[in-house]
Amino acid sequence: MNQQRQMDLFAEVLGAFAGTSGTPISTQDVYRRVAPRVGIDERDLNEKVPIGKSRQLHSPEKRKIRWAQQTLRQLKLIERVDGPRGLWRLTDAGEKKLTKALPDVAMLAFSTDLGIAIWGSCNRVFPHLDLPIALMISSPPFPLSNPRAYGNPDVSQYTDFICRALEPVVANLEPGGSIVLNVSNDIFVPGTPARSTYLERMIIALEDRLGLSLMDRVPWCSNKPPGPVAWASKARFQMNVAWEPVLWFCNDPLRAKSDNRRVLQPHSEKHLKLLAAGGEQRTASYGDGAYRIRPGSYGKTTAGRIPRNVITMGNHCPDHRQYRKDAAGLGLPPHGAPMPKAMYDFWIQFLTEPGDLCVDIFGGRLTLGKSAEELGRRWLVTEWILEYVRAAAERFRACGGFVIGDGLTQFDRVVRAGAKTYA
Ligand SMILES: C[S@@+](CC[C@H](N)C(=O)[O-])C[C@H]1O[C@@H](n2cnc3c(N)ncnc32)[C@H](O)[C@@H]1O
């Protein structure tokens with residue numbers, strides 16, 4: 001069975017439960033509802049042929065439907081009902097769960113002239129890619145003890161999880177290309193207020209296993225809510241958190257594509273006054289002579305201020321307001337752990353040139369694509385939760401060359417068919 005037919009079958013078997021409001025249906029009902037929707041006529045459905053060593057007569061078409069049914073059962077999306085044999089219903093998870101791509105499924109969700117969004121695991125897509133990547137920027141799932149709806153890796157396996165996901169990206173990274181990861185510093189040794197050193201282990205593994213060099217650990221200070229509640233507000237061992245690390249790696253530091261002239265900031269009032277005065281008027285020396293000021297120092301007019309390596313940026317983002325509106329309009333659960341578009345804008349401009357390929361392997365709201373579109377970079381994003389991709393697609397409708405792919409068509413069949421409701 002080809003991948004497309006498999007997907008149709010999963011979608012239609014789930015769709016067979018549309019509108020049942022939890023009332024169980026029989027396997028015969030599933031056959032009756034699914035067959036016409038995947039193009040199996042009644043004669044083919046009931047035609048029996050000898051199968052297996054025993055040569056017993058079975059219907060191959062019904063077997064395929066039962067196989068999809070069993071797979072959905074293993075995924076805990078449908079379940080057998082206790083009591084009379086052969087009755088099935090959607091599980092709570094099936095009613096509300098996010099639609100995660102199966103490991104071997106990757107489908108084009110939509111594309112524009114500049115980029116493509118793929119519904120599927122990055123582990124399925126990137127090993128098959130053969131295109132020079134200038135930048136991979138992402139916030140991977142954090143190893144949280146209270147997992148997010150989309151799932152989180154365990155801290156003990158985090159290094160392997162990241163290395164596995166990044167290996168094919170690094171293999172495609174052009175010389176001087178970068179990897180930027182927004183990670184969490186707030187992972188604690190279980191039961192203690194001590195921070196895990198998982199990030200240190202991950203950084204060393206990225207150097208040792210994938211040959212990356214750490215260019216910087218940039219603190220991103222934002223309007224984070226107070227926490228960690230258990231260790232700061234309750235037990236009082238810790239301070240409230242104000243920042244998250246953004247780690248920047250490069251595969252060839254001396255050929256890094258970064259250029260701070262693309263991200264110069266306006267000079268401060270104080271500096272503009274200094275320039276107007278022709279620079280410093282005094283002579284001074286600090287740090288045992290390490291820093292010297294002479295008349296005229298800092299008097300040269302420059303195009304702007306080189307950014308300092310601390311990013312202060314709130315989480316609120318107009319682009320996300322639109323995303324939330326779109327998700328609500330479609331009745332979809334919004335993705336809840338986004339990076340602001342300004343963060344993508346900054347790193348894309350700093351580390352790439354127009355036309356370069358930028359990717360995000362853990363796409364979330366697909367904000368990388370939005371930023372890349374506006375900045376004239378090519379882009380590719382993978383995200384394995386269909387609902388997130390579907391809601392995010394709305395923001396790309398006005399982009400040149402916008403085309404819907406099979407991934408979103410699946411969405412309209414599975415989710416919009418009413419098999420699911422979102423409480
Ligand atoms: C922290 S969120 C990323 C948020 C994103 N940077 C944004 O600004 O919207 C992590 C995302 O990675 C997705 N994800 C996790 N594992 C994945 C995989 N193997 N392939 C593709 N997406 C994955 C999750 O569903 C989740 O949406």
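Excluded from the calculations below are hydrogen atoms, water molecules and symmetry mates; all remaining heavy atoms, backbone and side chain alike, are included. Numbers here simply count residues along the sequence, with the first being 1.
In this structure, the side chain of Thr382 engages the main chain of Ile361 through a donor-acceptor pair within 3.5 Å. In this structure, the side chain of Arg378 does not engage the main chain of Cys358 through any donor-acceptor pair within 3.5 Å. The backbone N or O of Thr302 sits less than 3.5 Å from a side-chain atom of His267, completing a donor-acceptor pair. Of the possible polar contacts, one joining the Asn251 side chain to the Glu174 backbone as a donor-acceptor pair under 3.5 Å is found. For the pair Arg321 (side chain) and Asp319 (backbone), a donor-acceptor distance under 3.5 Å is absent. Side-chain N or O atoms of Gln69 include none that pairs as donor or acceptor with a backbone N or O of Val13 at under 3.5 Å. No donor-acceptor pair under 3.5 Å is formed between the side chain of Ser297 and the backbone N or O of Ile293. Between the Trp347 side chain and the Ile137 main chain, no donor and acceptor come within less than 3.5 Å of each other. Side chain of Arg32 to main chain of Thr27: no donor-acceptor pair is present (N/O by atom type, distance under 3.5 Å, no hydrogens or angles). Panel note: side chain Glu383, backbone Arg365; no donor-acceptor pair is recorded below 3.5 Å.
Glu167 pairs by the salt bridge (Lys or Arg N to Asp or Glu O under 4.0 Å) definition with nothing, not counting sequence neighbours.
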Stepwise ring-ring contact (aromatic ring centres under 6.0 Å, His included) check, Phe402 with Phe396: CA-CA 7 Å; Phe402 178 82; Phe396 292 81; 7.5 Å; no

When you look at Arg236 and Trp231, which way does the side-chain contact (heavy atoms from CB on, under 4.5 Å) test go after all the steps? CA-CA 6 Å; Arg236 303 282 183 156; Trp231 301 122; over 6 Å; no

Take Tyr344 and Leu375, measure what side-chain contact (heavy atoms from CB on, under 4.5 Å) needs, and give me the verdict at the end. CA-CA 10 Å; Tyr344 283 101; Leu375 297 170; over 6 Å; no

Start with the C-alpha distance between Met343 and Val246, add both sets of side-chain angles, then the distance that settles side-chain contact (heavy atoms from CB on, under 4.5 Å), and finish with yes or no. CA-CA 10 Å; Met343 181 66 88; Val246 180; 4.3 Å; yes

Run the ring-ring contact (aromatic ring centres under 6.0 Å, His included) check on Phe362 and Phe161 step by step: do they pass? CA-CA 12 Å; Phe362 302 115; Phe161 165 78; 5.7 Å; yes

Candidate pair Ile118 and Val381, rule side-chain contact (heavy atoms from CB on, under 4.5 Å), full reasoning: CA-CA 6 Å; Ile118 294 180; Val381 176; over 6 Å; no

Please test Glu374 against Lys341 for salt bridge (charged side-chain N to carboxylate O under 4.0 Å, His left out), starting from the C-alpha separation and ending with a verdict. CA-CA 11 Å; Glu374 287 170 16; Lys341 192 171 78 58; 2.8 Å; yes

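Within the 4.5 Å cutoff, side-chain heavy atoms of Val229 are placed close to those of Lys234. Looking at Val310 and Cys221, their side chains come closer than 4.5 Å, going by heavy atoms from C-beta outward. Residues Leu206 and Leu181 form a side-chain contact, since some pair of their non-hydrogen atoms from C-beta on lies under 4.5 Å apart. With a 4.5 Å cut-off on side-chain heavy atoms, Leu135 and Val359 do not count as touching.
The pair Asp160-Arg209 meets the salt-bridge criterion, with a side-chain N (NZ, NE, NH1 or NH2) lying under 4.0 Å from an Asp/Glu carboxylate O. Ion pairing between Asp186 and Arg195 holds under the 4.0 Å rule for side-chain N and carboxylate O. In summary, Lys325 and Glu394 do not engage in a salt bridge, as defined by a charged side-chain N under 4.0 Å from a carboxylate O. Salt-bridge formation is not detected for the pair Arg33/Asp29: no Lys NZ or Arg NE/NH1/NH2 atom is positioned less than 4.0 Å from an Asp or Glu carboxylate oxygen. Ionic pairing of Glu269 and Lys273 is not present here: no N-O contact between side-chain nitrogen and carboxylate oxygen is shorter than 4.0 angstrom. Using a cutoff of 4.0 Å between basic side-chain nitrogens and carboxylate oxygens, Arg89 and Glu79 are scored as salt-bridged. Residues Asp356 and Lys257 are paired through a salt bridge, judged by an N-O separation under 4.0 Å between the basic side chain and the carboxylate.
Under the 30°/60° scheme for interplanar angles, the aromatic rings of Tyr298 and His271 are found to stand perpendicular.
Between the side chains of Gln349 and Asp345, not a single donor N or O lies within less than 3.5 Å of an accepting N or O. For the 3.5 Å distance criterion, the side chains of Trp379 and Glu373 qualify, holding a donor opposite an acceptor. Side-chain atoms of Thr283 and Arg294 include no donor-acceptor pair closer than 3.5 Å. Side-chain contact check for Tyr31 and Arg66: at least one donor-acceptor pair (N or O, by modelled atom type) lies under 3.5 Å. With hydrogens and angles left out, the side-chain atoms of Glu244 and Ser222 include no donor and acceptor closer than 3.5 Å.
Heavy-atom contacts from other residues, nucleotides or ligands closer than 6.0 Å to CZ of Arg80 number more than 12. Heavy atoms from other residues, nucleotides or ligands lying under 6.0 Å from CG of Leu272 number more than 12. At most 12 non-hydrogen atoms from other residues, nucleotides or ligands lie less than 6.0 angstrom from CG of Leu254. Heavy-atom contacts from other residues, nucleotides or ligands closer than 6.0 Å to CZ of Arg217 number 12 or fewer. Heavy-atom contacts from other residues, nucleotides or ligands closer than 6.0 Å to CZ of Arg164 number 12 or fewer.
Contact between Leu210 and Val170 at its shortest, heavy atoms only, is O-CG1, 3.6 Å. Nearest approach of Leu380 to Leu357, heavy atoms of both residues: N-CD1, 4.2 Å. Closest heavy-atom contact between Leu366 and Ala117: CD1-CB, 3.8 Å. Taking every heavy atom of both residues into account, Asn315 and Asn223 meet most closely at N-OD1, 3.0 Å.
Atom CZ of residue Phe249 and atom CD1 of residue Ile179 lie 9.0 Å apart, to the nearest 0.5 angstrom.
Taking the six-membered ring for Trp and the full ring otherwise, the centers of Trp119 and Phe110 sit at least 6.0 Å from each other.
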